[in-house]
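Presented below is the structure to which this report refers.
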Amino acid sequence: MKRLLVGVLTLVSLAMPCQASAEEPVSSAEALLHQMDEASRKLSYELSYILIKKNSIEPLRYRHALEDGETYAHLVYLSGPPREVIQRGQEVSYFEPGLDPFTIDSNKMVAPLPPIMKTDIDELAGYYDFISMGRAREAGVACDVVRIAPKDGARYSYLLWIDTRSKLVMRADLLDRDGEPLEQYRAVSYVINSKVADVLKSLKSVELPAVVQLPPQPQADLDWQVNWLPQGFESISRNRHRLMMTERPVESKMYSDGLFSFSIYISAADNFTVREQLVRQGRRTLHSYLLNGKEVTVVGDIPPATARRVAESVVFGNRGSHTP
């Protein structure tokens with residue numbers, strides 16, 4: 001299939017954001033997050049932003065529109081090899097260098113978007129405090145600043161700058177437990193205009209890769225349990241498979257609280273297994289250690305102390321249980 005070119009969705013000219021009249025008084029932090037969620041799902045907008053990590057800065061452009069109840073979105077990586085992601089309703093297509101383009105049945109992009117976008121605010125309220133931090137200026141506009149802080153202190157937090165007019169996120173800082181930024185999403189410019197929707201309508205007639213038909217994945221019955229998880233984390237998948245490069249059998253479970261996620265991997269120890277290791281790179285932590293001849297590894301977007309506690313709570317057989 002002919003590769004879809006970024007130029008197919010070139011936006012010629014749009015006005016700068018301007019819709020607001022008189023500013024409304026600052027609402028509660030939770031109400032503001034609901035407004036942010038609604039704006040990100042329903043407005044027609046284009047957002048240019050940079051993702052700042054410890055050793056890299058990546059520029060991106062995201063366009064979004066809601067047409068007849070269907071979401072249309074287009075994410076473009078603006079540096080390096082051409083890469084893009086397209087959402088058309090319940091289908092998401094990926095175009096990556098070195099890979100054949102493919103489409104999956106999904107309503108959410110797996111891409112570097114601010115993770116707080118399109119999350120369940122009501123669900124998060126059970127495990128996070130929403131704290132108003134006043135006002136500041138970001139991307140040239142006035143913003144309400146809100147902190148999303150875990151109630152248990154066992155995970156990371158976010159600091160958000162939300163445009164007082166459009167309610168879109170202008171900046172999102174992922175903070176570690178000491179308040180130090182691990183990564184930042186920072187808007188450079190944005191536009192809210194119906195012309196964005198007009199441009200994205202062309203996706204209806206674009207030929208995209210066929211949806212990949214994945215075989216059903218039965219949930220494996222694994223003979224190990226986790227006795228401790230941060231509050232709100234639930235098992236969303238579990239399976240048994242072999243690693244691609246080594247064919248080494250491994251069992252895994254994935255957990256999520258709606259904002260962050262991590263996985264636990266269990267495999268037989270071998271000559272290359274180290275007794276214990278702990279590595280953190282940006283938001284990602286890897287902690288592994290030996291237990292009863294097994295290598296237990298926790299990988300995900302959680303603090304090192306949390307990853308260690310999760311790993312050390314793994315038990316084999318039926319000796320206690322926290323999750324299925």
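No experiment lies behind these values; they were computed from the predicted model shown.
Between His287 and Gln277, the side chains place no donor N or O within less than 3.5 Å of an acceptor N or O (distance only, hydrogens not considered). Side-chain N/O atoms of Arg147 and Ser157 include a donor and acceptor closer than 3.5 Å. A donor atom on one side chain and an acceptor atom on the other are found under 3.5 Å apart for Asn239 and Ser252. In summary, the side chains of Gln184 and Asp173 do present a donor paired with an acceptor at a separation below 3.5 Å, with no hydrogens or angles considered.
Asn292 places no side-chain N or O within donor-acceptor distance of the main-chain N or O of Lys294, the cut-off being under 3.5 Å. No donor-acceptor pair closer than 3.5 Å links the side chain of Ser44 to the backbone N or O of Ala65. Between the Arg308 side chain and the Ser288 main chain, no donor and acceptor come within less than 3.5 Å of each other. Checking side-chain atoms of Asp178 against main-chain N and O of Glu180 turns up no donor-acceptor pair under 3.5 Å. In this structure, Tyr156 contributes its side chain and Ala149 its backbone to no donor-acceptor pair below 3.5 Å. Side-chain atoms of Ser166 come within 3.5 Å of backbone N or O of Leu168 as a donor-acceptor pair. Ser106 contributes a side-chain N or O that, together with a main-chain N or O of Lys108, makes up a donor-acceptor pair within less than 3.5 Å. Checked by atom type and distance alone, the side chain of Tyr190 never pairs as donor or acceptor with a backbone atom of Met170 at under 3.5 Å. Side chain of Ser267 to backbone of Val250: no donor-acceptor contact under 3.5 angstrom is found. Side-chain atoms of Lys253 come within 3.5 Å of backbone N or O of Trp224 as a donor-acceptor pair.
Between Tyr255 and Ile264 the shortest side-chain heavy-atom distance falls below 4.5 Å. Between Ile116 and Leu160 the shortest side-chain heavy-atom distance falls below 4.5 Å. No side-chain heavy atom of Tyr127 sits less than 4.5 Å from a side-chain heavy atom of Phe233. The shortest side-chain heavy-atom distance between Ser313 and Val226 falls under the 4.5 Å cut-off.
Counting non-hydrogen atoms of other residues, nucleotides and ligands closer than 6.0 Å to NZ of Lys42 gives a total of 12 or fewer. Residue Asp120 qualifies as enclosed at atom CG: its count of foreign heavy atoms under 6.0 Å is above 12. The number of heavy atoms from other shown groups lying within 6.0 Å of CD (Glu58) is above 12.
Remark: Arg177 CZ to Thr306 OG1 distance equals 5.0 Å, nearest 0.5 Å. The NZ atom of Lys201 lies 5.0 Å from the CG atom of Asp198; values are rounded to the nearest 0.5 Å. The distance from atom CG of Leu99 to atom CZ of Arg83, rounded to the nearest 0.5 Å, is 11.0 Å. If you take CG on Leu174 and NZ on Lys53, they are separated by 10.5 Å, rounding to the nearest 0.5 Å. For the atom pair CD1 of Ile302 and CZ of Arg280, the computed distance is 12.0 Å after rounding to the nearest 0.5 Å. With values rounded to the nearest 0.5 angstrom, Tyr77 atom OH is found 6.5 Å from Leu60 atom CG.
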Check step by step if side chain to side chain contact (heavy atoms under 4.5 Å, CB included) holds for Arg238 and Met254. CA-CA 6 Å; Arg238 60 185 187 272; Met254 176 177 283; over 6 Å; no
Before giving the answer on side chain to side chain contact (heavy atoms under 4.5 Å, CB included), spell out for Tyr49 and Arg186 the whole-Å C-alpha distance, their side-chain angles and the decisive distance to 0.1 Å. CA-CA 5 Å; Tyr49 61 98; Arg186 303 191 70 162; 5.9 Å; no
Apply side chain to side chain contact (heavy atoms under 4.5 Å, CB included) to residues Val146 and Leu32 and explain how you reach the verdict. CA-CA 9 Å; Val146 174; Leu32 186 60; 3.6 Å; yes
Evaluate the criterion side chain to side chain contact (heavy atoms under 4.5 Å, CB included) for residue pair Ile52 and Glu183; output intermediate values, then yes/no. CA-CA 5 Å; Ile52 305 172; Glu183 63 183 31; over 6 Å; no
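Residue Ala111 comes nearest to Leu75 through the heavy atom pair CB-CD2, 3.3 Å, listed as atom of the first residue, atom of the second, then distance. The minimum heavy-atom distance linking Ser256 with Ile236 is given by the pair CB-CD1, 4.0 Å. The shortest non-hydrogen separation linking Asp257 to Glu123 is O-OE2, 4.1 Å. Of all the heavy atoms in Val206 and Ser202, the pair that sits closest is CG2-O, 3.2 Å. Nearest approach of Lys204 to Arg88, heavy atoms of both residues: O-NH1, 3.7 Å. Here the closest non-hydrogen pair linking Val196 and Glu46 is CG2-N, 4.1 Å.
By the rule that hydrophobic residues join a cluster once side-chain heavy atoms approach within less than 4.5 Å of another member, Phe102 and Val85 end up as members of one cluster. Transitive grouping of hydrophobic side chains (ILVMFWY, heavy atoms separated by less than 4.5 Å) brings Phe260 and Phe130 into a common cluster. Hydrophobic clustering places Phe316 together with Val298 (ILVMFWY residues linked when any side-chain heavy atoms are closer than 4.5 Å, directly or through intermediates). One hydrophobic cluster, built from ILVMFWY side chains closer than 4.5 Å, cannot hold both Tyr289 and Leu278; they sit in different ones. The cluster map of Ile, Leu, Val, Met, Phe, Trp and Tyr, joined by side-chain heavy atoms under 4.5 Å apart, puts Val169 and Ile50 in different clusters.
A salt bridge does not link Glu38 to Lys167: none of the charged nitrogens lies less than 4.0 Å from a carboxylate oxygen.
For the side-chain contact (heavy atoms from CB on, under 4.5 Å) with Gln90, the qualifying choice from Asp105, Ile104, Val211 is Asp105, the only one to do so.
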